[in-house]
Amino acid sequence: MIRYLARRFITMAVTLLIISAVVFVIIKLPPGDFLTNQIAELRSQGEAASVAKAQFLMQQYGLDRPVWEQYLRWVGLWPNPEGAFNGLIQGNWGWSFEYDRPVREVVGDALWLTLVVNLAVVIFVHLVSIPIAIYSATRQYSIGDYVATFIGYIGLATPSFLLALVMLFYANRWFEVSIGGLYDSAYSGLPWTWEKVRSLLAHLVVPTLVIGLGGTAAMIRRMRANLLDELGKQYVVTARAKGLPPTRALLKYPFRMSLNPFIADIGNLLPHLVSGSVLVSLVLSLPTVGPILLAALKSQDQFLAGFILMFVAMLTVIGMLISDLLLAWLDPRIRLGGDGR
């Protein structure tokens, strides 16, 4: 296991390095950048002091250097003008030119609030979809099965941002309350206290429901199909013929085997939630990294956009590792051998 983890960590580091190069190249593809455009605008307005500051930032972060040198500085594999290595590897996330602050301060609470929202969505999806899928598969063609199927189709067909708009409208019309944000506006900018945490938990219900509805519906349909396929196999028929109790015959192997595809998808689930909830975050005014990333890409704030994309990539590779370890624990047919499995 230690050897396997060592190999995986090395692979993860190389993968992240390759992803960082791809991310940097894609961000640099559009002509110009934030500082170049800002310098041109300031010169047209005759603001010499601001132009001097922008030029200093260009030299500080090597934006006047070749692209390959800019990339190596950003990652932390090339020294800055002071001769020090100070990039992502060293914990320096860069400078946000649009906000005129370090990236660390811009993303701030947004990083861990994004993780909290996504974790709540993942828990909601599994707690709701697994029992419904088991009920639907074990009572095929019953009224409950048809109801679950209908709800699943509605969930798949309803855009998340549209559901968010509907809930915002009716919450304000019926209850005269705003369900936007992740806590009351009175707590904005204040340190975290128990009252602010309670406000967060109360506001977390709506975004969890809105973002998780589509994933819940999809998981119900997929797991129902997987479980029906497993229940029709010979080993299940044999277990029942030998008198194994129905609940144990269901949960011992068919249920575990039907979970394999979902465990394998953990690596894609978290980044998908981050990227797929941008519109919902904008509608509900959620202080997550999605809206920040969208604004950074529009303004060509390269260090801010690059860090958030690397954050999503890191979620992906960590999720892949977790899914592999869970699969080896869940399925006795999978072992961590010398070939990395």
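Note that the numbering runs from 1 along the sequence shown for the chain.
Counting heavy atoms from C-beta on, the side chains of K196 and T193 come closer than 4.5 Å. Using a 4.5 Å cut-off on side-chain heavy atoms (C-beta onward), F161 and V278 make no contact. Looking only at side-chain heavy atoms (C-beta outward), L293 and L309 come within less than 4.5 Å of each other. Between L321 and L5, the closest side-chain pair of non-hydrogen atoms falls below 4.5 Å. Counting heavy atoms from C-beta on, the side chains of W78 and N86 never come closer than 4.5 Å. Inter-residue side-chain proximity for I132 and M223 is flagged as unmet; no heavy-atom pair is nearer than 4.5 Å. Between S160 and L213, every side-chain heavy-atom pair lies at or beyond the 4.5 Å cut-off. A 4.5 Å side-chain heavy-atom check between D100 and W95 finds at least one atom pair inside the cut-off.
Proximity of a side-chain donor or acceptor of S136 to a complementary backbone N or O of A133 within less than 3.5 Å is not detected. Of the possible polar contacts, none joining the E105 side chain to the P102 backbone as a donor-acceptor pair under 3.5 Å is found. A donor-acceptor contact shorter than 3.5 Å links the side chain of Q70 to the backbone of R65. Between the side chain of D301 and the main chain of S96, no donor-acceptor pair closer than 3.5 Å is present. In this structure, the side chain of T114 engages the main chain of V289 through a donor-acceptor pair within 3.5 Å.
The minimum heavy-atom distance linking A137 with L228 is given by the pair O-CD2, 3.2 Å. When all heavy atoms of I292 and V106 are compared, the pair lying nearest together is CD1-O, 4.1 Å. Between G212 and V125, the shortest heavy-atom contact is O-CG2, 3.6 Å. Of all non-hydrogen atoms in V283 and L168, the two that sit nearest each other are O-CD1, 3.3 Å. Between N226 and S258, the closest heavy-atom pair is ND2-O, 3.7 Å. The minimum heavy-atom distance linking E98 with S299 is given by the pair OE1-OG, 2.9 Å.
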- Message: Quick one, V67 with F24, criterion side-chain contact (heavy atoms from CB on, under 4.5 Å). Give me CA distance, side-chain angles, the key distance, then yes/no.
- Response: CA-CA 9 Å; V67 175; F24 193 83; 3.9 Å; yes
- Could you go step by step and tell me if S129 and T216 meet the side chain to side chain donor-acceptor pair (under 3.5 Å) rule? CA-CA 5 Å; S129 58; T216 301; 5.6 Å; no
- Please report the C-alpha distance between Y71 and S20 in whole Å, then the side-chain angles of each, then the deciding distance to 0.1 Å, and finally whether the side-chain contact (heavy atoms from CB on, under 4.5 Å) criterion is met. CA-CA 9 Å; Y71 164 71; S20 68; 2.8 Å; yes
- Message: Let's go through V197 and W192 carefully: what are the C-alpha distance in whole Å and the side-chain angles of both, what is the deciding distance for side-chain contact (heavy atoms from CB on, under 4.5 Å) to 0.1 Å, and is it a yes or a no?
- Response: CA-CA 7 Å; V197 172; W192 285 94; 4.0 Å; yes
- Message: Quick one, Y135 with S142, criterion side chain to side chain donor-acceptor pair (under 3.5 Å). Give me CA distance, side-chain angles, the key distance, then yes/no.
- Response: CA-CA 10 Å; Y135 177 89; S142 66; 4.6 Å; no
- Task: Given side chain to side chain donor-acceptor pair (under 3.5 Å), test T149 with R221 step by step and report yes or no.
- Result: CA-CA 7 Å; T149 300; R221 301 303 305 158; 3.1 Å; yes
- Determine, step by step, whether L250 and L227 satisfy the side-chain contact (heavy atoms from CB on, under 4.5 Å) criterion, reporting the C-alpha distance in whole Å, the side-chain angles of both residues, the deciding distance to 0.1 Å, and the verdict. CA-CA 9 Å; L250 171 67; L227 194 53; 4.2 Å; yes
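Taking hydrophobic clusters as Ile, Leu, Val, Met, Phe, Trp and Tyr residues chained together by side-chain heavy-atom distances below 4.5 Å, I26 does not share a cluster with L304. Residues V206 and L201 share a single hydrophobic cluster, defined by chaining ILVMFWY side chains whose heavy atoms lie under 4.5 Å apart. Note on W68 and I19: same hydrophobic cluster, where clusters join Ile, Leu, Val, Met, Phe, Trp and Tyr whose side-chain heavy atoms are under 4.5 Å apart, directly or indirectly. Under the 4.5 Å side-chain heavy-atom criterion for Ile, Leu, Val, Met, Phe, Trp and Tyr, L17 and F311 are members of the same hydrophobic cluster. In the hydrophobic clustering of this structure, V205 does not group with L200; members are Ile, Leu, Val, Met, Phe, Trp, Tyr whose side-chain heavy atoms approach within less than 4.5 Å, directly or through other members.
When the shell of 6.0 Å around CZ of F169 is examined, it contains more than 12 heavy atoms from other residues, nucleotides or ligands. Shown here is L29, whose CG atom has more than 12 heavy atoms of other residues, nucleotides or ligands within 6.0 Å.
The CZ atom of R224 sits 15.0 Å away from atom CE of M219, with the distance rounded to the nearest 0.5 Å. Considering OG1 of T158 and OH of Y153, their distance stands at 14.0 Å, rounded to 0.5 Å. In this structure, CE on M12 lies 10.5 Å from OG1 on T316, to the nearest 0.5 angstrom. Atom CD1 of I220 is separated from atom CD1 of I130 by 10.5 Å, given to the nearest 0.5 angstrom. In this structure, W93 CH2 and F303 CZ are separated by 15.5 Å, a value rounded to the nearest 0.5 Å. Going from atom CD1 of I134 over to atom CZ of F255 covers 4.5 Å, rounded to the nearest 0.5 Å.
Under the side chain to side chain contact (heavy atoms under 4.5 Å, CB included) rule, L244 has a single partner from R248, R240, K242, which is R248. Between F307 and the options L111, N92, V312, V23, a side chain to side chain contact (heavy atoms under 4.5 Å, CB included) holds for only L111.
For the pair R198 and Y183, the cation-pi criterion (under 6.0 Å, within 45° of the ring axis) is not fulfilled.
Using a 3.5 Å distance cut-off with no hydrogens or angles, the side chains of Y235 and E230 do pair a donor with an acceptor.
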